[in-house]
Every structure is written in structure tokens, then in C-alpha cells.
Amino acid sequence: MNLFLAQELPSPRAIEGASPLDKNQDPLIAHRLQKEQYIGIVGLAIALVAAVGFFSRRVEYAIVFALVLSTILIALFLVV
């Protein structure tokens, strides 16, 4: 029943492990590609609005209005 008592606990030094990597040194994050990703996302959003606007002007205006209102609200909440 007491299986946890039979196990050996690791030493505190083993728990600490290696020193944490610097945030700029993390190999899983592509820091140099972030600008290109943001440019691609903005371009995709513009293309989406243009494609929807090709079919319906009212929907395009609604999307543009929502994007502008969202941007203003995000800026407002970040400042306050």
C-alpha cells in the first residue's frame, strides 16, 4: 500500500538541474522570424477584408469597423 515510501527521493542538487537558459538563447523560439510573421498576419488580414469586400461592401465595412474598434479598445486597456 505504501509504494511511495519504498521509492528513493532525488537529491536537491538533482532537482535543481542545469541553470535555466537565457530568454534570448531559447532554441525553441525563432526570435528573428517574428517581424516576418507579424507582416504576414497583417497582410493576410488585409487580403481577407479585401476578399470579403469584393462580395459585400456592408460586411467589409462591418469587419473594418470591428477591427478599428478592437484596436482602440486594446490600446485604451493597455494604457489604463
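Quick note: residue numbers are just sequence positions, from 1.
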Joining Ile, Leu, Val, Met, Phe, Trp and Tyr whenever any side-chain heavy atoms lie under 4.5 Å apart, the cluster holding V42 also takes in I46
Results of side chain to side chain contact (heavy atoms under 4.5 Å, CB included) for V64 - residues two or more places apart only: V49, E60, V68
Please go through L44's hydrophobic cluster and name the other residues, only I, L, V, M, F, W, Y counting, with side-chain heavy atoms under 4.5 Å joining them. none
In short, side chain to side chain donor-acceptor pair (under 3.5 Å) pairs touching residues 36-53 with sequence neighbours left out are none
Donor-acceptor list for residues 72-80 side chains, cut-off 3.5 Å, not counting sequence neighbours:
none

Any link between V52 and Y61 through a network of hydrophobic side chains (Ile, Leu, Val, Met, Phe, Trp, Tyr) touching at under 4.5 Å? no
My understanding is that a hydrophobic cluster links ILVMFWY residues whose side chain heavy atoms are under 4.5 Å apart, including indirect links. Using that, what else belongs to the cluster containing F55? F54
